[in-house]
There are 2 protein chains.
Amino acid sequence: MVFISSNFSFLFCQIGKFCIFDHMEQNRPNHKLIYYFSKWTDISEEAEKIILSAFEPQFIKKKKDLLVVNDVCNYLYFITDGCMRSYYVDEKGGEHIFQIRMDNNWISDLESFFSNRPSHYYIEALENTHYLRISKERLEQLYIEVPSLERYFRILFQKAYVNSLKRLNATMWEPASDRYNEMLKEHPEMFQRVPLVYIASYLGITPESLSRIRKKK
Amino acid sequence: MVFISSNFSFLFCQIGKFCIFDHMEQNRPNHKLIYYFSKWTDISEEAEKIILSAFEPQFIKKKKDLLVVNDVCNYLYFITDGCMRSYYVDEKGGEHIFQIRMDNNWISDLESFFSNRPSHYYIEALENTHYLRISKERLEQLYIEVPSLERYFRILFQKAYVNSLKRLNATMWEPASDRYNEMLKEHPEMFQRVPLVYIASYLGITPESLSRIRKKK
DNA sequence: TGTAATTCTTAACATAGGTCAAGTAGATTA
DNA sequence: TAATCTACTTGACCTATGTTAAGAATTACA
């Protein structure tokens with residue numbers, strides 16, 4: 001695959017991630033958020049204060065659910081430190097993971113969030129995780145108070161959509177071994193923090209298949 | 001599949017399509033566009049004029065290319081009447097269709113459009129097609145002249161992203177026959193206008209497999 | 001520290017869907 | 001009207017991946 005194999009980074013759709021924040025103070029996590037906003041749009045000092053007050057810092061323990069099926073997803077979540085997965089459960093009880101997100105990434109069920117309808121998904125913490133959250137009402141208000149945020153989210157969703165289409169093409173037309181190899185290359189840190197069972201599901205295969213792929217290398 | 005089978009409409013990701021325009025005058029296609037904008041955001045009469053002047057009405061004949069690989073995609077296209085497909089070609093020469101769009105839908109290569117980098121894709125007319133187009137420069141300017149457009153596109157991409165993730169889940173975890181049946185239910189018009197070869201590719205299978213699925217029914 | 005739970009691997013077998021090759025039926029063109 | 005094309009189908013065979021079941025290695029916990 002000529003162009004697909006050149007960059008499989010979309011395999012994680014890790015929207016909004018651009019640099020490491022080791023130099024930042026650990027206890028001012030909101031500043032990471034502002035940094036990302038300011039990458040794509042202008043944020044005045046005034047606006048910065050408003051934004052920081054709109055997001056609530058939260059914590060969740062490993063293996064706890066942030067969202068369960070049939071609940072409305074009331075928040076947009078920005079992971080400052082930790083790891084989450086979102087998945088659905090089919091009628092035979094099988095779990096299908098479609099998102100794994102780590103530090104400095106957004107996670108939510110956008111469909112439920114924007115429609116106020118019950119979610120079909122679960123969101124679960126894979127590690128003890130610190131995150132920021134904002135409710136739909138507060139976000140709508142924020143779009144009015146800080147109009148340039150609309151631009152940030154327009155660009156965020158635009159990129160997320162493009163990445164998702166690439167991942168779709170790879171899933172349809174690339175063999176699982178290629179998807180695995182490129183993921184290994186683009187996201188080695190993932191393999192240190194996330195069990196292979198989950199990575200297999202994310203890639204659209206069974207853990208047994210992933211095991212075979214890894215053996216062949 | 002409990003929730004997926006309840007609505008496969010995302011299989012077409014026909015973002016922005018909400019109603020039929022039979023009642024509209026055929027020769028004022030731009031008004032369809034305004035109608036869609038005004039569904040999600042407020043458009044003043046003033047803004048309407050600016051928008052209408054920013055989009056150029058165009059026409060392309062069946063089988064002609066709107067975009068070819070390695071060209072930069074300079075426009076966002078809104079199909080007012082007709083049908084297009086976008087696809088890429090793998091190193092063995094195989095074509096893989098990932099979008100089929102008909103009346104009142106957007107089509108483009110967003111990645112190339114926003115990055116100004118050469119596209120990996122083709123966009124081809126499957127019918128004689130009337131469409132509107134806007135360049136990146138003009139759109140950036142329009143975001144400034146009509147800020148509420150940023151909101152429209154934020155919502156458009158947000159929905160497109162959600163649909164794309166659902167299509168990804170269906171592709172990974174649902175059998176091809178289910179995807180076919182639901183597409184037939186949700187988009188029967190597609191089968192009147194688009195050859196099965198293309199629909200097969202869109203569903204991620206070969207024409208032979210689609211033929212077998214259709215036979216079994 | 002021992003037991004249970006997770007995580008990962010392996011092997012035998014099953015199956016959906018791909019590949020190749022041929023053939024039919026309409027539509028298009030000479 | 002014959003000759004091509006294009007769209008679609010069919011059949012034989014193949015392969016990647018799923019399924020089931022078992023076991024090893026690691027981690028958590030009582």
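Every chain is numbered from 1, with letters handed out A, B, ... down the list of sequences. The model shown is predicted, which means the values in this text are computed figures rather than measured ones.
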Exercise. Parallel under 30°, tilted from 30 to 60°, perpendicular over 60°: which one fits the rings of B:Tyr180 and B:Phe191?
Worked result: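 Perpendicular: the ring planes of B:Tyr180 and B:Phe191 meet at over 60°.
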
Exercise. Distance-only, no hydrogens or angles: does the A:Ser38 side chain make a donor-acceptor pair with backbone N or O of A:Tyr35 under 3.5 Å?
Worked result: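 Yes: the side chain of A:Ser38 pairs with the backbone of A:Tyr35.
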
Exercise. Can you tell me if B:Arg179 uses its side chain to pair, donor with acceptor, with the backbone of B:Leu203 under 3.5 Å?
Worked result: yes

Problem set entry | Check: A:Arg154 and A:Gln158 side chains under 4.5 Å, non-hydrogen atoms | yes

Exercise. Regarding A:Arg85 and A:Tyr202, is there a side-chain donor-to-acceptor distance under 3.5 Å anywhere?
Worked result: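 Side chains of A:Arg85 and A:Tyr202: no pair found under 3.5 Å.
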
For this session: Indicate whether any N or O donor in one side chain lies under 3.5 Å from an N or O acceptor in the other, for B:His96 and A:Asn169.
Result: no

Exercise. Can B:Val89 and B:Val69 be said to form a side-chain contact (heavy atoms from CB on, under 4.5 Å), step by step?
Worked result: CA-CA 9 Å; B:Val89 178; B:Val69 160; 5.8 Å; no

Exercise. Hey, do the aromatic rings of A:Trp106 and A:Phe153 have their centres closer than 6.0 Å?
Worked result: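 Yes, the ring of A:Trp106 comes within the 6.0 Å limit of the ring of A:Phe153, centre to centre.
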
Problem set entry | A:Arg167 with A:Glu182: basic N within carboxylate O range, under 4.0 Å | no

For this session: Note down the inter-axis angle between the two ends of the helix from C:dT1-D:dA30 to C:dA30-D:dT1, five pairs each, to the nearest 10°.
Result: 40°

Seminar exercise, completed: Each nucleotide of nucleotides 10-20 of chain D classed B (base within 4.0 Å of a protein heavy atom), S (only sugar-phosphate) or -, in 5' to 3' order, makes BBB----SBBB

Protein-nucleic acid N or O pairs under 3.5 Å, nucleotides 23-30 of chain D:
none

For this session: Could you name each residue pair satisfying side chain to side chain donor-acceptor pair (under 3.5 Å) that touches residues 58-71 of chain B, not counting sequence neighbours?
Result: none

Problem set entry | Euclidean distance, A:Tyr77 OH relative to A:Leu66 CG, rounded to 0.5 Å | 4.0 Å

Problem set entry | Contact boundaries on DNA chain C for chain A, cut-off under 4.0 Å to non-hydrogen atoms | C:dC8 to C:dA12

Atom pairs and distances, donor-acceptor, side-chain atoms in residues 107-114 of chain A, under 3.5 Å, two or more places apart:
{"unit_1": "A:Ser108", "atom_1": "OG", "unit_2": "A:Tyr75", "atom_2": "O", "d": "2.9"}
{"unit_1": "A:Asp109", "atom_1": "OD1", "unit_2": "A:Glu111", "atom_2": "N", "d": "3.1"}
{"unit_1": "A:Asp109", "atom_1": "OD1", "unit_2": "A:Ser112", "atom_2": "N", "d": "3.4"}
{"unit_1": "A:Asp109", "atom_1": "OD2", "unit_2": "A:Ser119", "atom_2": "OG", "d": "2.7"}
{"unit_1": "A:Glu111", "atom_1": "OE1", "unit_2": "B:Lys166", "atom_2": "NZ", "d": "3.0"}
{"unit_1": "A:Glu111", "atom_1": "OE2", "unit_2": "B:Lys166", "atom_2": "NZ", "d": "2.3"}
{"unit_1": "A:Ser112", "atom_1": "OG", "unit_2": "A:Cys73", "atom_2": "N", "d": "2.8"}
{"unit_1": "A:Ser112", "atom_1": "OG", "unit_2": "A:Arg117", "atom_2": "O", "d": "2.6"}

